[in-house]
Amino acid sequence: MTAKIAYTEVEAGTELPAQTFPVTRATLVQYAGASGDFNPIHWNEKFAVEVGLPDVIAHGMFTMAEAIRVVTDWAGDPAAVVEYGVRFTKPVVVPNDGVGALIEVSAKVAAKLDDNLVRVDLTATSAGQKVLGMSRAVVRLA
């Protein structure tokens, strides 16, 4: 598979389709099972509050993975992402209310690089707060 977006068809400033990702307590339990990360801050409200968190929080790597989906969906091939990094700025708080939380992600091409590469900057928020900082991906386009 290769990226479906042509390098010649994008410019700096090109916006990728934004997406919203729901997160529930069930989502966190499923992710814990898949990742092996059973830290109680991700499923035990009492423990999370005792260590100073407002409630159970989503795994940072889960939040990071959901955010990059905006880029992989746009590019058409997850293997097109050659570099990806973030800083975790705020946790995604996931209440036990049957609704959970939302991670809202937008992205745009920040720069065209050599060799059909582009740098994409992402913005991820939850409950009106930025949850990822310096979120950037380098993507190889067709």
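Numbers for residues simply follow the sequence, beginning at 1.
How far CD1 of Ile68 is from CH2 of Trp74: 10.5 Å, rounded to the nearest 0.5 Å. A distance of 6.5 Å separates NZ of Lys108 from CD of Glu15, quoted to the nearest 0.5 Å. From Asp55, atom CG reaches atom NZ of Lys46 across 14.0 Å, with rounding to the nearest 0.5 Å. Taken to the nearest 0.5 Å, the CG atom of Asp37 stands 4.0 Å off from the NE2 atom of His59.
Residues Val138 and Leu113 have side chains in contact (heavy-atom distance under 4.5 Å, counting atoms from C-beta outward). For the pair Thr123/Asp121, no side-chain contact is recorded, criterion being any heavy-atom separation below 4.5 Å from C-beta on. At least one side-chain heavy atom of Val81 sits less than 4.5 Å from a side-chain heavy atom of Val71. Contact check for Val82 versus Leu117: side-chain heavy atoms found under the 4.5 Å cut-off. Within the 4.5 Å cutoff, side-chain heavy atoms of Phe21 are placed close to those of Val70.
Neither Ile41 nor Phe62 shares a network with the other; the hydrophobic side chains, linked directly or stepwise wherever heavy atoms of I, L, V, M, F, W or Y lie under 4.5 Å apart, form separate groups for each. Ile57 and Val51 fall within a single hydrophobic cluster, where Ile, Leu, Val, Met, Phe, Trp and Tyr are joined by side-chain heavy atoms under 4.5 Å apart, directly or via other members.
Residues Ala58 and Val23 approach most closely at CB-CG1, 4.4 Å, considering heavy atoms. Heavy atoms only, all atoms of each residue included: Gln19 and Arg69 are closest at NE2-O, 3.8 Å. The heavy-atom pair separating Ala3 from Ala80 by the smallest distance is CB-CB, 4.0 Å. Nearest heavy-atom pair, Val131 versus Pro91, reported as atom, atom and distance to 0.1 Å: CG1-O, 4.0 Å.
Looking only at distances, no side-chain donor or acceptor of His42 sits under 3.5 Å from a matching main-chain atom of Leu28. Not a single donor-acceptor pair under 3.5 Å links the side chain of Arg119 to the backbone N or O of Val139. Distance alone, capped at 3.5 Å, places no donor-acceptor pair between the Ser135 side chain and the Leu132 backbone. Between the side chain of Ser35 and the backbone N or O of Tyr31, at least one donor-acceptor pair lies under 3.5 Å. Under a 3.5 Å cut-off, the side chain of Thr24 and the backbone N or O of Thr27 do form a donor-acceptor pair. Side chain of Trp43 to main chain of Phe38: a donor-acceptor pair is present (N/O by atom type, distance under 3.5 Å, no hydrogens or angles). With hydrogens and angles ignored, the 3.5 Å screen pairs no side-chain donor or acceptor of Thr2 with any backbone N or O of Ala142.
Taking a cutoff of 4.0 Å between a charged side-chain nitrogen and a carboxylate oxygen, Arg140 and Asp115 qualify as a salt bridge.
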Compile the donor-acceptor pairs under 3.5 Å between side chains in residues 92-106 and protein atoms, sequence neighbours left out, one pair per line.
unit_1, atom_1, unit_2, atom_2, d
Asp97, OD1, Val99, N, 2.8
Asp97, OD1, Gly100, N, 2.7

Open item on the list: For a salt bridge (Lys or Arg N to Asp or Glu O under 4.0 Å) check, start with the C-alpha distance between Arg25 and Glu45, then their side-chain angles and the critical distance, and finish with the verdict.
Closed with: CA-CA 10 Å; Arg25 294 282 178 95; Glu45 183 175 338; 3.6 Å; yes
TODO: Go through Tyr84 and Leu122 one step at a time and tell me if the side-chain contact (heavy atoms from CB on, under 4.5 Å) criterion holds.
DONE: CA-CA 10 Å; Tyr84 178 45; Leu122 298 91; 4.3 Å; yes
- [ ] Take Phe88 and Met64 through the test side-chain contact (heavy atoms from CB on, under 4.5 Å) and record every step on the way to the result.
- [x] CA-CA 9 Å; Phe88 301 106; Met64 187 178 175; 4.2 Å; yes
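Judged as a side chain to side chain contact (heavy atoms under 4.5 Å, CB included), and not counting sequence neighbours, the contacts of Tyr7 are Lys112, Asn116, Val118, Leu141.
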